[in-house]
Every structure is written in structure tokens, then in C-alpha cells.
Amino acid sequence: MKHFFQQDTVTVGLVAGLGSIALLALLLTAGLLIAGEAPMVHLTWYAGCFVAPLLVMRYYIKQQKATVAKTLMTLLFFTFIPFMFVLFRTHSITLK
């Protein structure tokens, strides 16, 4: 498994990025449900799920794995934009 993440491929970037986002979202959802809170009420908390892929991207940039880093940048863009769209549609955040 460790050898897989040492490669410089698009697949590694997708697995590392989507995996870290999904894992943090799952943990946050489980924590909110255990606490008896509705996850939709705390929708803005899910923005914290984008911190882990940024740290993973920083690691791969320092390791000079350009393909993985570019894949992570693209993945962050194409996941953060729909997330912001959802926040605006649910009126969790508004522009004044």
C-alpha cells in the first residue's frame, strides 16, 4: 500500500484527495449523529474537509510529484466549487 502512494500518477492523486475528503466527511457526520445533531444544520463545518487534501497536496509538492499535485489542485477546485454552490443554495452563507 505504501508503494502505491509513492507513485506519480493521476490515480494516486484521486485516491488520496477523494479518500481524505470522504474520510473526514464520514467522521464529521458520524460525530454529529452521535451527538444528536442534524448534519444539514452544521453544513458549513464540512468546509474543514478541504484542509486534509491541502496538506496532502503540500506533501506531494515537497516530494516533487507534479502529476499528483496537479491532480489534487484540480480535484480541490472541482469539489470546492460545488460545495460553495450547495452552501449558497441552502442559504448557509449569503452575499451581502
Side-chain angles (χ1 to χ4, degrees):
M1 186 65 126
K2 185 178 178 181
H3 177 68
F4 174 75
F5 288 105
Q6 297 297 326
Q7 300 173 17
D8 190 23
T9 62
V10 173
T11 308
V12 172
L14 289 173
V15 169
L18 289 175
S20 62
I21 291 172
L23 181 65
L24 285 175
L26 182 67
L27 288 173
L28 180 59
T29 303
L32 286 171
L33 291 175
I34 289 171
E37 296 286 330
M40 286 300 290
V41 174
H42 303 288
L43 195 58
T44 55
W45 291 9
Y46 286 92
C49 294
F50 293 102
V51 174
L54 286 172
L55 295 174
V56 171
M57 183 174 59
R58 179 181 180 270
Y59 169 78
Y60 280 112
I61 289 172
K62 283 189 164 226
Q63 296 297 318
Q64 298 178 349
K65 308 275 190 206
T67 305
V68 176
K70 289 177 187 177
T71 303
L72 285 167
M73 285 180 215
T74 306
L75 178 75
L76 280 169
F77 179 77
F78 284 110
T79 54
F80 191 72
I81 297 300
F83 175 71
M84 291 303 292
F85 180 75
V86 168
L87 288 179
F88 284 124
R89 294 284 289 178
T90 60
H91 300 291
S92 295
I93 58 173
T94 58
L95 296 176
K96 290 188 179 190

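All of these numbers come straight from a predicted model, not from anything done at the bench.
The nearest pair of heavy atoms linking I61 to M73 is CD1-CE, 4.2 Å. Between M57 and L76, the shortest heavy-atom distance links the atoms CE-CD1, 4.1 Å. The two atoms that bring G13 and L75 nearest to each other are O-CD2, 4.3 Å, heavy atoms only. Pairing each heavy atom of P82 with each of F77, the nearest pair is CD-O, 4.4 Å. Closest heavy-atom contact between G17 and P53: O-CG, 4.2 Å.
In this structure, the side chains of T67 and T9 stay at 4.5 Å or more apart for every pair of heavy atoms. Side-chain contact between M84 and F88 is present, with heavy atoms from C-beta onward closer than 4.5 Å. Residues T71 and Y60 form no side-chain contact, since every pair of their non-hydrogen atoms from C-beta on lies 4.5 Å or further apart.
L54 and Y59 fall within the same hydrophobic cluster, defined by Ile, Leu, Val, Met, Phe, Trp and Tyr side-chain heavy atoms under 4.5 Å apart, directly or through other members. Follow the hydrophobic side-chain contacts under 4.5 Å out from L28 and you reach I93 in the same cluster. Each of L32 and L24 belongs to its own hydrophobic cluster when Ile, Leu, Val, Met, Phe, Trp and Tyr are linked at side-chain heavy-atom distances under 4.5 angstrom. Cluster membership check: I21 shares its hydrophobic cluster with V86, using side-chain heavy-atom separations under 4.5 Å among Ile, Leu, Val, Met, Phe, Trp and Tyr. Criterion: ILVMFWY side-chain heavy atoms under 4.5 Å apart, direct or through other members. Under it, M40 and Y46 are part of a common hydrophobic cluster.
Atoms NZ and CG, from K70 and D8 in turn, are 9.0 Å apart once rounded to the nearest 0.5 Å. Atom CZ of F83 sits about 7.0 Å away from atom OG1 of T44, to the nearest 0.5 Å.
A side-chain donor-acceptor contact under 3.5 Å links S92 and T90.
The neighbour count for Q64 CD, taken as heavy atoms of other residues, nucleotides or ligands under 6.0 Å away, does not exceed 12.
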